[in-house]
Amino acid sequence: MKDYLAGLNEPQREAVTHIDGPLMIIAGAGSGKTRVLTYRIAYLIEKGVDPFNILALTFTNKAAEEMRHRIEKVIGPEAKNLWMGTFHSVFSKILRFDGHKLGYTSNFTIYDTDDSKSLLRSIIKEMGLDDKAYKPNYVLNRISAAKNNLISWQMYNENPSFAAEDIAAQMPELGRIYKTYALRCFSANAMDFDDLLFNTNVLFRDHLDVLNKYQHKFRHVMVDEFQDTNISQYLITRKLAAVSQNICVVGDDAQSIYAFRGANIQNILNFKKDYPDLKVVKLEQNYRSTKNIVNAANSVIAKNKAQLEKNIFSDNEEGEKIEVIRAMSDNEEGRLIAHEIFEGRLRGLKNSDFAILYRTNAQSRAFEEALRKIDIPYRIIGGLSFYQRKEIKDILAYLRFTVNQQDEEAFKRIINTPKRGIGDTSVAKIIVLASEHQTSIWNIVSNIQFYMEGRTANAVAGFADLIKSYTVMMEEGKDAHTLAMHVAKTSGLLHELYMDKTVEGVARHENVQELLNSIRSFVDNDENEDKSLSSFLQTVSLLTTADEDDDGDAEKVTLMTIHGAKGLEFKHVFVVGLEENLFPSQMMLKSRDDLEEERRLFYVAITRAEKQLTLSYAQQRYTWGKLTYCEPSRFLEEIDSRYLRFGDKGIPQTFEPSFAPKKQATRPVVIGEPVKRASANALKPVQPPVQAHVPSADFEPSDTSKLKVGDKVEHQKFGFGEVKKLEAFSGSTKAHILFEREGEKTLLLSFAKLRIL
DNA sequence: CACGTGTCCATTTTT
DNA sequence: TGGACACGTG
């Protein structure tokens, strides 16, 4: 027996050594799942399976990379030949090879959520529909749900029950929108995230030769985080494994937290029906957490009805009880927790031993401020990702358009960025021309002299020449980095950022440099066999925030959403914002009415902790600029109180359910506040007319990044004033300035026409 | 056409 | 709170 098998417990070993036929591993939290998966692959290879014939689907690219490295340690460099990655990345590669059978070129663009929404917004506008009734977000979710259930736009429009639902939801045109959206994506040679899976299904359904090829290539299929797969993904794996029957799925129904994205817990509950001779292995021993934490988690999840029977236990020490903290406000919650981390470090813990987990990204602010104030380094995972920043998207849009001139969304982004005098009217005209002449936008743009003349036409022609020069370079076979570098310089984007000396301008310039660096390392990385721009772009659009080069080794406290924490563990975990309507989220309860999923989310959060767990909530919190009273989350009461201890921090604890004024959760009455808006306007005292300020003759705005509190300034329009306060927000700076005539104004520095006197 | 200003509105999680 | 959009002015 191999030595690595020696360290495994009985069920773990069973899972590792089961090679032929379907296998389902129910892996409880902290039960050594990754270890089992890694060893199983190593074992397969040692038993003579070629790594080329193994497909392992993971939830994030990072998880795949990590597993590949671990396997490499056991079996050596052969591990490189494994097919590993997320569903989206693996199947985008397959579509790159074989997508031409569906009418896509290998250079197809992958639309991210922003692209999809923007396209939907245009479609809704073009159809003359009210964009208040048809919210792009909702429409996209609906289309996405359809695709994830393999309902094409044709099927959607043929099925009267969908039409009935849409009419009931006051959106009778959804079917038409779906159709237009699908056709527009197709003619843009673009796929959205759901298309990658949907089209793979279509490819395997309609092109049996292709299916056959991959069925024989992937003799062994493994799926990690199986509880989070949707129907579309499940069908792909089932088809791939139909011949060999060698399918191994690993998951935990108690940790299914992506139902909102179409994940179907039935996949795991019904798996046995699809594979009658399925072997099921349960990994029930938790090696991660203390008894206390495991028991508390069990007491919570026991409230859920839909689940597979299992008994998660721990042989670790009893451990400390779970601390509950009540704070006055969100800011105090931040302070208390920052303080506790500080104390924890005095007891010998490192920054990286701590994680603060919250339900929504917006909650991070209070913790960031508190940690910064006492100089505790932290890193935030998630939130606005690097690749969603404007300056990055701009460069990427140029690259996308170079690779694929049908990419409508990229076109809209760059045609007038940086400003080259082609305004909205001209762009609209071009789009109209394209549809009048039944041709592509690029066709019009690249032959603009036949359609328009004058200043704008020249500008458009200049743009077309620019893109053509890029295309030529690409066809010469220049690698992604050379090309991107050239594009950044000659498009004017880099120059524009370089000229911008404001704080945020400098930061943006650095971001672009960082993007260029990352393209270079993509090109230099020998593991990427395809170094083309097109290949880089497809890789990049499937990166998640969890994949971004984290300073994993950095000595920092981790802040992230619970969703982002899946698969991770920390010595001391803080689960914060445990307030009714926030966690469980009222959004979730309203739209899907799925308390059980929220509870599983809570379960996931709890089970990230190894030694210590702290739960906290605030009595008051600012939401959307308004102060709201909060009640403690029902989840706090669902934990068996034997495992709890009320913190000595914050306000002394009791659980009287409500300390807030009765039934006015959202809006305390303010005495004297006018009731209606109209009367508010009527009551407004008449302002004495303010004389317009005539700027000094030589008005020349100064470098506002040097602005300090107390500076006397002149504004082009508001006149003279004094800086009262400077405030940082989302990467830039705001100034509160008291103007002599106008009173106090808040200005965004980058836009201020200011002169420092 | 570019820019500044005012108004409205939405706020969950992510491949 | 702040981002997206509509409108008016230069």
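Proteins get letters first, then strands, A, B, ... in listed order; numbering begins at 1 in each.
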Choose from [options] the nucleotide whose nearest atom is closest to any side-chain atom of [X].
X	options	value
A:Lys419	C:dC5, B:dC3, B:dT14	B:dC3
A:Thr561	B:dT14, B:dT12, B:dT15	B:dT14
A:Thr360	B:dT13, B:dA2, B:dC1	B:dT13
A:His88	B:dT14, B:dT12, B:dT15	B:dT15
A:Thr425	B:dA2, C:dA6, B:dC1	B:dC1
A:Met587	B:dC1, C:dA6, B:dT12	B:dT12
A:Arg359	B:dT12, B:dT15, B:dC1	B:dT12
A:Phe260	B:dT11, B:dA2, B:dT14	B:dT14
A:Lys135	B:dT15, B:dT13, B:dA10	B:dA10

Less than 6.0 angstrom separating the ring centers of A:Tyr258 and A:Phe59, yes or no?
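Between A:Tyr258 and A:Phe59, the centre distance is under 6.0 Å.
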
For A:Arg634, does its backbone N or O pair with a side-chain atom of A:Glu580 as donor and acceptor, under 3.5 Å?
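Yes.
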
Using only atom types and a distance under 3.5 Å, with no angle test, would you say the side chain of A:Ser616 pairs donor to acceptor with the backbone of A:Glu333?
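Not a single qualifying donor-acceptor pair exists.
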
To the nearest angstrom, how far is [X] atom [atom1] from [N] atom [atom2]?
X	N	atom1	atom2	value
A:Asn61	B:dT14	CG	P	15 Å
A:Leu57	B:dT15	CG	P	15 Å
A:Ile257	B:dT15	CD1	C1'	13 Å
A:Lys125	C:dA4	NZ	P	13 Å
A:Ile380	B:dT13	CD1	P	13 Å
A:Asn416	B:dA2	CG	P	5 Å
A:Leu357	B:dT13	CG	P	14 Å
A:Ile381	B:dT13	CD1	P	15 Å

How would you label the contact of [X] with the nucleic acid (heavy atoms, under 4.0 Å): base, sugar-phosphate, or nothing?
X	result
A:Asn137	sugar-phosphate
A:Arg600	nothing
A:Tyr258	sugar-phosphate
A:Thr113	base

Go nucleotide by nucleotide along DNA chain B from the 5' end; which of A:Phe59 and A:Thr456 gets its closest nucleotide reached first?
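Looking at the nearest nucleotide for each, A:Thr456 comes out on the 5' side.
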
DNA chain B: A:Gly421 or A:His563, which has the more 5' nearest nucleotide?
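Mapping each residue to its closest nucleotide by heavy atoms, the 5'-most match is A:Gly421.
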
Determine, step by step, whether A:Phe602 and A:Leu615 satisfy the side chain to side chain contact (heavy atoms under 4.5 Å, CB included) criterion, reporting the C-alpha distance in whole Å, the side-chain angles of both residues, the deciding distance to 0.1 Å, and the verdict.
CA-CA 11 Å; A:Phe602 188 42; A:Leu615 309 176; 4.3 Å; yes

Determine: side-chain N/O of [X] to OP1/OP2 of [N], distance under 4.0 Å, yes or no.
X	N	result
A:Asn361	B:dT13	yes
A:Ser89	B:dT15	no
A:Asn581	B:dT12	no

Can you see which heavy atom on A:Arg420 is nearest to which on A:Ala459, and at what distance?
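For A:Arg420 and A:Ala459, the tightest heavy-atom pair comes out as O-CB, 3.3 Å.
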
Who are the side-chain hydrogen bond (donor to acceptor under 3.5 Å, both in side chains) partners of A:Glu596, not counting sequence neighbours?
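side-chain hydrogen bond (donor to acceptor under 3.5 Å, both in side chains) list for A:Glu596, sorted by chain: empty.
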
